[in-house]
Amino acid sequence: MKRSLSAAFIALTILSFPRVWCLADESRYQVVIEESYYKVRPEHEDEFLELYRKKIFPFWKEMEKMGLTDGEIRMYMQRIHTLQPSWTFKTVVRFKNYTAIDKWLEKRDEIFSKLFPEEGGYKIFGKKIMAITQEHWDEFIREIPLE
């Protein structure tokens, strides 16, 4: 009886360890990356960059202060344009987790209005950006660590 209890304890410990390992491993997958793509008409590229630098980048920095993003706010431009997918600018923001995205969606108009009261809110400013953008799409992805 004592032997079977010891064996059961050892088996339970061994079987539980991978579960604990998986849960710890899963926490590494919490970060959610938002990639936003903008296809901007060439005559509006400078205007887009100016609006992004003056309004959108400070907005994301405020989200970082609130603890929703981890400071990874980047913008990219293709060196050589390809046929597909066709985009002019790509922005990347790293959210801490899916809950942070929900909080961002809940607070974005309030925070944007606080920072830029003259713009009439996030949605109205978004229309200004979309007026100079031919196409726009977002992708929310999770990075899977390989080590």
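Around atom NZ of Lys55, more than 12 heavy atoms belonging to other residues, nucleotides or ligands sit under 6.0 Å away. Remark: Arg53 CZ is loosely packed, at most 12 non-hydrogen atoms of other residues, nucleotides or ligands lying under 6.0 Å away.
Under the rule for a salt bridge (charged side-chain N to carboxylate O under 4.0 Å, His left out), Glu106 has no partner lying at least two apart in sequence or in another chain. Scored by the salt bridge (charged side-chain N to carboxylate O under 4.0 Å, His left out) test, Asp102 finds no partners at all (sequence neighbours excluded). Listed by chain and residue number, nothing satisfies the ring pair (Phe, Tyr, Trp, His ring centres under 6.0 Å) test with Tyr76 (two or more places apart in sequence, or in another chain). Residues satisfying the ring pair (Phe, Tyr, Trp, His ring centres under 6.0 Å) test with Phe125, not counting sequence neighbours, are Phe112. Legend: residues meeting salt bridge (charged side-chain N to carboxylate O under 4.0 Å, His left out) with Arg108, ordered by chain and number and at least two apart, are absent.
By the rule that hydrophobic residues join a cluster once side-chain heavy atoms approach within less than 4.5 Å of another member, Leu115 and Leu51 end up as members of one cluster. One hydrophobic cluster, built from ILVMFWY side chains closer than 4.5 Å, holds both Met66 and Phe95.
With values rounded to the nearest 0.5 angstrom, Trp60 atom CH2 is found 4.5 Å from Glu34 atom CD. Taken from CZ in Arg74 to OG1 in Thr91, the straight-line distance is 12.5 Å, to the nearest 0.5 Å. Interatomic distance, Glu72 CD to Glu64 CD, rounded to the nearest 0.5 Å: 9.0 Å. How far NE2 of His44 is from CD of Glu47: 6.5 Å, rounded to the nearest 0.5 Å.
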Which side-chain N or O atoms in residues 127-139 pair as donor and acceptor under 3.5 Å with protein atoms at least two apart or in another chain?
{"residue": "Lys128", "atom": "NZ", "partner": "Glu119", "partner atom": "OE1", "Å": "3.2"}
{"residue": "Thr133", "atom": "OG1", "partner": "Ile129", "partner atom": "O", "Å": "2.7"}
{"residue": "His136", "atom": "ND1", "partner": "Tyr37", "partner atom": "O", "Å": "2.9"}
{"residue": "His136", "atom": "NE2", "partner": "Asp138", "partner atom": "OD1", "Å": "3.2"}
{"residue": "Asp138", "atom": "OD1", "partner": "Ser36", "partner atom": "OG", "Å": "2.6"}

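Between Phe48 and Tyr38, the ring planes are tilted. Angles from 30° to 60° get that label. The aromatic rings of Tyr122 and Trp104 sit perpendicular, their planes meeting at an angle over 60°, well past the 30° parallel limit.
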